[in-house]
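Residue numbers begin at 1 in each chain, while the letters A, B, ... track the order of the sequences.
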Amino acid sequence: MPELPEVETVRKGLAKRLLGEVIAHIGLRREGLRFPFPKGFKKGLEGRRIEQIDRRAKYLLIRLDNDSTWLVHLGMTGKFTLFSHNDIPEEYGKHDHVIVTMSDGGVAVYNDVRRFGFMDLIVAGGEQNHHHFANLGCEPLSEDFDAKALCKSLEGKKSPIKNALLDQRVVAGLGNIYVCEILFRAGVSPLRISSSIAGKSPQVTKRAELLVHETKQVLIEAIEAGGSTISDFAAVDGDLGYFAHSFRVYGKEGEACHNSRCSGIVSRISQGGRSTFFCPKCQH
DNA sequence: ATTGAGTCCTGAAGGC
DNA sequence: TGCCTTCAGGACTCAA
């Protein structure tokens, strides 16, 4: 499911309902997700008040009142569904793995069909050195992410730009869908070698600036749309996002290029084991 | 040091 | 009502 905009949507949805609430009970319906739940996970969460909910890349950071942080990654199919106290389901499905009961009687259910998601509990001050964060690149929507920074991380890279943008060390939070959309909007071929974007000539700089600009633009639009939906993404409050309707190349194999002045046909190739959709005619 | 391939897991969709 | 293959929004681990 979730790339940065979807995680941001979930963050907002959770914050709206859970901020200031106390976690009364954690029900773990299996030993772990992608990784086992850490030792003391349940005990560490129960009784804690949720003070703040942040996002870093595709990670949710749920700040607790003892300065520890509940880390959640949604993987491909992770989602939260919220129920108020008079609306709690009578039974849970087989992929409802974590049941969070709040002290107001409300329940947050974490469901994850493929179980690629994971959770951790980070003690106070442990975030900087946490292995999931140590090598993360900059936030694409922050001021740190500009053409200069992008060029620096692409310097000397021989991999295609598509693969580089998916690399969380280059820039953190982009996934397969948005990278396809960004490259299309920027008119940059997914096959272009990364280092060719990192040079000093005006033409090269222009490409980097365009990539940065379109990255921010696409993410902002998607966040505004409330996150996108492919097949199984439901925003935390049950609302579906609509950005999927705005895809210009993703999933559009065989269709005419969205660019009205281009007569190209969207094609689909495989890069690093992932599908890439692009217009071979107007992306260079 | 980088890069690509294989891996985890389940379910949906399409071909026959 | 089948069976088989392919594919899916992520990212870790390993080998070259």
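A donor-acceptor pair under 3.5 Å is absent between the side-chain atoms of A:Lys157 and the main chain of A:Ile193, judged by distance alone. Distance alone, capped at 3.5 Å, places no donor-acceptor pair between the A:Ser84 side chain and the A:Gly106 backbone.
When the P atom of C:dC12 is taken as reference, atom CG of A:Leu33 falls 15 Å away, rounded to whole Å. Following rounding to the nearest Å, A:Asn135 (CG) and C:dA11 (P) show an atom-to-atom distance of 13 Å. At whole-Å resolution of the value, CG in A:Leu60 and C1' in C:dG10 are 14 Å apart. Here C:dT13 presents its C1' atom at 14 Å from CZ of A:Phe118, a figure rounded to the nearest Å. For A:Arg55 and C:dG10, the CZ to C1' distance is 16 Å, given to the nearest whole Å. In this structure, CD of A:Gln271 is placed 13 Å from P of C:dA8, rounded to the nearest angstrom. The nearest whole Å value for the distance from the CG atom in A:Leu166 to the P atom in B:dG4 is 12 Å. As rounded to whole Å, 12 Å separates atom C1' of C:dG9 from atom CG of A:Asp112.
Taking 4.0 angstrom as the limit, A:Lys158 places none of its side-chain polar atoms (N or O) nearer than this to OP1 or OP2 of B:dT2. A:Lys157 has no side-chain polar atom (N or O) that falls below the 4.0 Å cut-off from OP1 or OP2 of B:dT2. Look at A:Gln168 and you'll find a side-chain N or O under 4.0 angstrom from OP1 or OP2 of C:dA11. For A:Ser275, a side-chain nitrogen or oxygen approaches OP1 or OP2 of C:dA8 to under 4.0 Å. Within the structure, every side-chain polar atom (N or O) of A:Arg34 is placed at least 4.0 Å from both OP1 and OP2 of C:dC12.
Going from the P atom of B:dC9 to that of C:dC3 covers 23 Å, rounded to whole Å. A gap of 23 Å separates the P atoms of B:dA1 and C:dA11, to the nearest Å.
If you check every strand for non-hydrogen atoms under 4.0 Å, A:Gly175 touches sugar and phosphate atoms only. Looking at heavy-atom distances under 4.0 Å, A:Tyr59 makes contact with sugar-phosphate atoms alone, never a base.
The side-chain heavy atoms of A:Arg248 and A:Lys252, taken from C-beta on, include no pair separated by under 4.5 Å. Side-chain contact between A:Phe83 and A:Val109 is present, with heavy atoms from C-beta onward closer than 4.5 Å. Looking at heavy atoms from C-beta onward, A:Val72 lies out of side-chain contact with A:Phe118 at the 4.5 angstrom threshold.
Tested against A:Phe278 for a side chain to side chain contact (heavy atoms under 4.5 Å, CB included), the candidates A:Val188, A:Leu183, A:Ile269, A:Val249 yield a single pass: A:Ile269. With A:Arg192 as the fixed residue, the side-chain hydrogen bond (donor to acceptor under 3.5 Å, both in side chains) test singles out one of A:Ser189, A:Ser196, A:Ser194: A:Ser196.
Taking the six-membered ring wherever Trp is involved, the centroid distance between the rings of A:Phe116 and A:His73 does not fall below 6.0 Å.
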Please tabulate the protein-to-nucleotide N/O contacts below 3.5 Å involving nucleotides 9-12 of chain B, giving atom names and distances.
unit_1	atom_1	unit_2	atom_2	d
B:dC9	O3'	A:Arg115	NH2	3.0
B:dC9	O2	A:Arg114	NE	2.9
B:dT10	OP1	A:Arg115	NH2	2.8
B:dT10	O3'	A:His95	NE2	3.2
B:dG11	OP1	A:Lys94	NZ	3.3
B:dG11	OP1	A:His95	NE2	2.8

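Taking the charged nitrogens against the carboxylate oxygens, A:Arg63 and A:Glu127 do have a contact shorter than 4.0 Å, which makes a salt bridge.
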Next on the checklist: What verdict does the side chain to side chain contact (heavy atoms under 4.5 Å, CB included) test give for A:Glu139 and A:Arg56, after you've listed the backbone C-alpha separation in whole Å, the side-chain angles of each residue and the deciding distance to 0.1 Å?
Outcome noted: CA-CA 7 Å; A:Glu139 278 294 312; A:Arg56 168 78 168 109; 3.0 Å; yes
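Comparing C:dA8, B:dG4, C:dC12 by their closest approach to the side chain of A:His132 singles out C:dC12.
Counting only Watson-Crick and G-U wobble pairs whose two key distances fall under 3.5 Å, DNA chain C forms stems of three or more stacked pairs at B:2-8 with C:10-16, B:10-16 with C:2-8.
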